[in-house]
Amino acid sequence: YKRQGRSSGIVRDISIQAPQTRPIRQLSGRRSGRLCLLQYLKSSGRLLLAPPNGWRVVFSAYVLSQFHNFRQVSRCMPEAGGTLLGKLLVEDGSGVVEGLTLPGKGDRQSRFGFFRSRRHQREGLRYWQANDETGVYLGLWHTHPEATPNPSSVDLADWARAVSKDVYHGKGLIFVIVGTDSTGFW
(Lines give C-alpha, C1' and ligand atoms only; values in the text may rest on other atoms or scores of the structure.)
Protein backbone atom coordinates (compact mmCIF):
# COMPACT_ATOMS: atom_id res chain seq x y z
CA TYR A 1 0.00 0.00 0.00
CA LYS A 2 1.54 3.30 -1.06
CA ARG A 3 0.58 6.87 -0.38
CA GLN A 4 2.21 10.09 -1.54
CA GLY A 5 2.22 13.37 0.34
CA ARG A 6 4.48 16.18 1.44
CA SER A 7 7.98 15.54 2.71
CA SER A 8 7.64 17.11 6.12
CA GLY A 9 6.54 13.58 6.75
CA ILE A 10 3.69 13.73 9.19
CA VAL A 11 2.02 10.36 9.10
CA ARG A 12 -1.53 10.53 10.33
CA ASP A 13 -3.73 7.62 11.37
CA ILE A 14 -0.96 5.08 11.59
CA SER A 15 -1.61 2.46 14.20
CA ILE A 16 1.74 1.23 15.49
CA GLN A 17 0.43 -1.53 17.69
CA ALA A 18 2.24 -4.61 16.47
CA PRO A 19 3.97 -5.94 13.40
CA GLN A 20 0.51 -6.57 11.90
CA THR A 21 -0.24 -2.81 11.84
CA ARG A 22 -2.80 -1.67 9.27
CA PRO A 23 -1.52 0.29 6.26
CA ILE A 24 -0.94 4.02 6.41
CA ARG A 25 -4.04 5.86 5.28
CA GLN A 26 -2.80 9.41 4.90
CA LEU A 27 0.44 11.32 4.61
CA SER A 28 0.48 15.07 4.84
CA GLY A 29 2.86 17.84 5.72
CA ARG A 30 3.28 21.56 6.13
CA ARG A 31 6.87 22.64 5.59
CA SER A 32 7.79 21.50 2.08
CA GLY A 33 6.14 20.98 -1.26
CA ARG A 34 8.31 17.98 -2.18
CA LEU A 35 6.77 14.54 -2.30
CA CYS A 36 7.62 11.76 0.12
CA LEU A 37 6.67 8.14 -0.37
CA LEU A 38 5.77 5.87 2.52
CA GLN A 39 5.03 2.20 2.21
CA TYR A 40 4.02 -0.15 4.98
CA LEU A 41 5.56 -3.57 4.39
CA LYS A 42 2.86 -5.68 6.02
CA SER A 43 4.57 -9.06 5.59
CA SER A 44 7.55 -7.94 7.69
CA GLY A 45 5.91 -5.26 9.83
CA ARG A 46 8.34 -2.64 8.53
CA LEU A 47 7.82 0.90 7.31
CA LEU A 48 9.64 2.32 4.27
CA LEU A 49 10.29 6.08 4.25
CA ALA A 50 11.45 7.56 0.93
CA PRO A 51 12.06 11.32 1.08
CA PRO A 52 12.78 13.31 -2.10
CA ASN A 53 16.57 13.31 -1.58
CA GLY A 54 16.72 9.72 -2.84
CA TRP A 55 17.40 8.22 0.57
CA ARG A 56 15.37 5.11 1.37
CA VAL A 57 15.01 4.18 5.04
CA VAL A 58 13.27 1.12 6.45
CA PHE A 59 12.07 1.17 10.07
CA SER A 60 12.10 -2.31 11.63
CA ALA A 61 9.09 -3.83 13.36
CA TYR A 62 11.04 -3.70 16.64
CA VAL A 63 11.56 0.07 16.36
CA LEU A 64 7.91 0.65 15.43
CA SER A 65 6.78 -1.42 18.41
CA GLN A 66 9.01 0.63 20.74
CA PHE A 67 7.47 3.83 19.36
CA HIS A 68 4.06 2.37 20.18
CA ASN A 69 5.11 1.35 23.70
CA PHE A 70 6.28 4.86 24.62
CA ARG A 71 3.25 6.81 23.33
CA GLN A 72 2.01 9.22 26.02
CA VAL A 73 -1.51 7.81 26.22
CA SER A 74 -2.12 8.68 29.89
CA ARG A 75 -1.59 11.97 31.70
CA CYS A 76 1.06 10.50 33.98
CA MET A 77 3.37 9.37 31.14
CA PRO A 78 6.40 11.61 30.58
CA GLU A 79 8.01 12.32 27.23
CA ALA A 80 10.44 9.63 26.14
CA GLY A 81 13.13 9.59 23.50
CA GLY A 82 16.53 8.54 22.33
CA THR A 83 18.61 8.00 19.22
CA LEU A 84 17.91 5.97 16.08
CA LEU A 85 20.51 3.35 15.21
CA GLY A 86 20.94 1.24 12.11
CA LYS A 87 22.95 0.57 9.00
CA LEU A 88 23.57 2.34 5.70
CA LEU A 89 24.29 0.94 2.28
CA VAL A 90 27.34 2.82 1.03
CA GLU A 91 26.33 2.59 -2.63
CA ASP A 92 23.15 4.67 -2.45
CA GLY A 93 22.83 5.88 1.14
CA SER A 94 19.73 3.79 1.82
CA GLY A 95 19.46 2.31 5.26
CA VAL A 96 17.53 0.51 7.94
CA VAL A 97 16.64 1.78 11.41
CA GLU A 98 16.88 -1.47 13.35
CA GLY A 99 17.60 -0.19 16.83
CA LEU A 100 17.15 2.76 19.13
CA THR A 101 18.22 3.93 22.52
CA LEU A 102 15.52 4.08 25.17
CA PRO A 103 14.95 6.52 28.02
CA GLY A 104 16.72 5.66 31.23
CA LYS A 105 19.22 6.70 33.86
CA GLY A 106 20.53 10.24 33.44
CA ASP A 107 17.71 11.42 31.16
CA ARG A 108 15.39 14.18 32.32
CA GLN A 109 11.75 13.47 31.59
CA SER A 110 8.58 15.46 32.20
CA ARG A 111 5.12 15.52 30.65
CA PHE A 112 6.24 18.14 28.11
CA GLY A 113 9.98 17.66 27.89
CA PHE A 114 12.77 15.16 27.36
CA PHE A 115 16.52 15.70 27.71
CA ARG A 116 18.84 12.96 26.43
CA SER A 117 21.82 12.21 28.62
CA ARG A 118 25.27 11.31 27.29
CA ARG A 119 24.37 7.69 27.93
CA HIS A 120 22.69 7.62 24.49
CA GLN A 121 25.98 8.52 22.82
CA ARG A 122 27.78 5.76 24.75
CA GLU A 123 25.09 3.23 23.76
CA GLY A 124 25.48 4.32 20.13
CA LEU A 125 29.22 3.70 20.35
CA ARG A 126 28.60 0.24 21.82
CA TYR A 127 26.14 -0.47 18.98
CA TRP A 128 28.79 0.58 16.43
CA GLN A 129 31.39 -1.69 18.04
CA ALA A 130 29.00 -4.64 18.37
CA ASN A 131 28.17 -4.38 14.66
CA ASP A 132 31.76 -4.48 13.40
CA GLU A 133 31.82 -0.71 13.02
CA THR A 134 28.92 -0.75 10.54
CA GLY A 135 26.09 0.29 12.88
CA VAL A 136 25.56 4.05 12.77
CA TYR A 137 23.63 6.92 14.35
CA LEU A 138 20.72 7.82 12.04
CA GLY A 139 18.74 10.38 14.00
CA LEU A 140 16.66 11.25 17.04
CA TRP A 141 13.22 10.28 18.29
CA HIS A 142 10.95 11.41 21.10
CA THR A 143 7.29 11.51 22.06
CA HIS A 144 4.73 14.29 22.38
CA PRO A 145 1.49 14.21 24.38
CA GLU A 146 -0.60 15.23 21.36
CA ALA A 147 -2.51 13.25 18.76
CA THR A 148 -0.73 14.77 15.75
CA PRO A 149 2.81 15.71 16.72
CA ASN A 150 4.31 19.02 15.66
CA PRO A 151 7.89 20.05 16.36
CA SER A 152 8.26 22.74 19.01
CA SER A 153 10.82 25.54 18.81
CA VAL A 154 12.94 23.48 21.25
CA ASP A 155 12.72 20.49 18.87
CA LEU A 156 13.72 22.59 15.86
CA ALA A 157 16.71 24.05 17.73
CA ASP A 158 17.76 20.57 18.90
CA TRP A 159 17.53 19.23 15.34
CA ALA A 160 19.54 22.16 13.94
CA ARG A 161 22.21 21.53 16.58
CA ALA A 162 22.28 17.81 15.75
CA VAL A 163 22.69 18.45 12.01
CA SER A 164 25.46 21.01 12.54
CA LYS A 165 27.41 19.40 15.41
CA ASP A 166 26.75 15.64 15.55
CA VAL A 167 28.91 13.17 13.66
CA TYR A 168 26.78 11.10 11.28
CA HIS A 169 26.97 9.28 7.97
CA GLY A 170 24.58 9.42 5.06
CA LYS A 171 22.54 12.19 3.51
CA GLY A 172 21.23 13.62 6.77
CA LEU A 173 19.51 12.72 10.01
CA ILE A 174 16.00 11.43 10.61
CA PHE A 175 13.83 13.07 13.25
CA VAL A 176 10.77 11.27 14.59
CA ILE A 177 8.08 12.52 16.95
CA VAL A 178 5.66 9.89 18.22
CA GLY A 179 2.24 11.30 19.07
CA THR A 180 -0.66 9.53 20.73
CA ASP A 181 -2.40 8.78 17.41
CA SER A 182 0.20 9.41 14.71
CA THR A 183 3.92 9.62 14.11
CA GLY A 184 5.78 12.43 12.35
CA PHE A 185 8.96 11.97 10.32
CA TRP A 186 11.25 14.87 9.40
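Gln109 CD: more than 12 foreign heavy atoms inside a 6.0 Å radius. Counting non-hydrogen atoms of neighbouring residues, nucleotides and ligands closer than 6.0 angstrom, the CZ atom of Arg118 reaches no more than 12 such neighbours. Applying the 6.0 Å contact sphere to CZ of Arg108 captures no more than 12 heavy atoms from other residues, nucleotides or ligands.
Residue Val167 comes nearest to Tyr137 through the heavy atom pair O-CD2, 3.5 Å, listed as atom of the first residue, atom of the second, then distance. The minimum heavy-atom distance linking Leu138 with Leu88 is given by the pair CD2-CD2, 3.8 Å. Here the closest non-hydrogen pair linking Ser44 and Ala61 is O-CB, 3.8 Å. Closest approach of Leu156 to Pro151, counting heavy atoms only: CD2-CB, 3.9 Å. Summarising the geometry of Asn131 relative to Tyr127, their closest heavy-atom pair is ND2-O, 2.8 Å, with the distance given to 0.1 Å. The minimum heavy-atom distance between Gln72 and His144, with the atom names listed, is OE1-C, 3.1 Å.
Classified by interplanar angle (parallel below 30°, tilted 30° to 60°, perpendicular above 60°), the ring pair Trp159/Trp186 is tilted. Using bins of under 30°, 30° to 60° and over 60° for the plane-to-plane angle, the ring pair Phe70/Trp141 lands in the tilted bin.
Arg116 has a carboxylate O that lies under 4.0 Å from a charged side-chain N of Asp158, or vice versa, which qualifies the two as a salt bridge. Between Lys87 and Glu98 a salt bridge is recorded (basic side-chain N to carboxylate O distance below 4.0 Å).
There is no path of hydrophobic side-chain contacts, each under 4.5 Å, that joins Phe114 to Leu102.
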Output, in order, the C-alpha distance, side-chain angles, deciding distance and verdict of side-chain contact (heavy atoms from CB on, under 4.5 Å) for Leu140 and Leu173.
-> CA-CA 8 Å; Leu140 301 170; Leu173 292 172; 6.0 Å; no
List the steps and the verdict of side-chain contact (heavy atoms from CB on, under 4.5 Å) for Phe175 and Val163.
-> CA-CA 10 Å; Phe175 302 106; Val163 168; 3.9 Å; yes
Take Val57 and Ile174 through the test side-chain contact (heavy atoms from CB on, under 4.5 Å) and record every step on the way to the result.
-> CA-CA 9 Å; Val57 181; Ile174 304 163; 3.6 Å; yes
Step by step, would you call Arg56 with Leu49 a side-chain contact (heavy atoms from CB on, under 4.5 Å)?
-> CA-CA 6 Å; Arg56 304 283 186 259; Leu49 175 66; over 6 Å; no
Is there a side chain to side chain donor-acceptor pair (under 3.5 Å) between Asp155 and His142 once you walk through the steps?
-> CA-CA 10 Å; Asp155 295 333; His142 70 284; 3.1 Å; yes
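With hydrogens and angles ignored, the 3.5 Å screen pairs a side-chain donor or acceptor of Ser65 with a backbone N or O of Tyr62. One N or O on the side chain of Arg71 and one on the backbone of Thr180 form a donor-acceptor pair closer than 3.5 Å. With Trp128 contributing its side chain and Val136 its backbone, the two residues share no donor-acceptor pair below 3.5 Å. Between the side chain of Thr143 and the main chain of Val178, no donor-acceptor pair closer than 3.5 Å is present.
One distance of note links OG1 of Thr148 with CD of Glu146; it measures 7.5 Å at 0.5 Å rounding. Remark: Ser60 OG to Leu85 CG distance equals 10.5 Å, nearest 0.5 Å. Put simply, OG1 on Thr83 and CG on Asp166 are 10.0 Å apart, with the number rounded to the nearest 0.5 Å. The OG atom of Ser117 sits 10.0 Å away from the NZ atom of Lys105 when rounded to the nearest 0.5 Å. Distance check: Thr101 OG1 to Arg122 CZ gives 11.5 Å after rounding to the nearest 0.5 Å.
For an aromatic pair to be called close, the ring centres must be under 6.0 Å apart, and Phe185 with Phe59 satisfies this.
Contact of the Leu64 side chain with the Arg46 side chain is not registered, since no non-hydrogen atoms from C-beta on lie closer than 4.5 Å. Put simply, the side chain of Glu79 does not reach to within 4.5 Å of the side chain of Ser110, judged on heavy atoms. Put simply, the side chain of Val176 reaches to within 4.5 Å of the side chain of Thr183, judged on heavy atoms.
Here Val73 is tied into one hydrophobic group with Met77, each link being a pair of ILVMFWY side chains closer than 4.5 Å.
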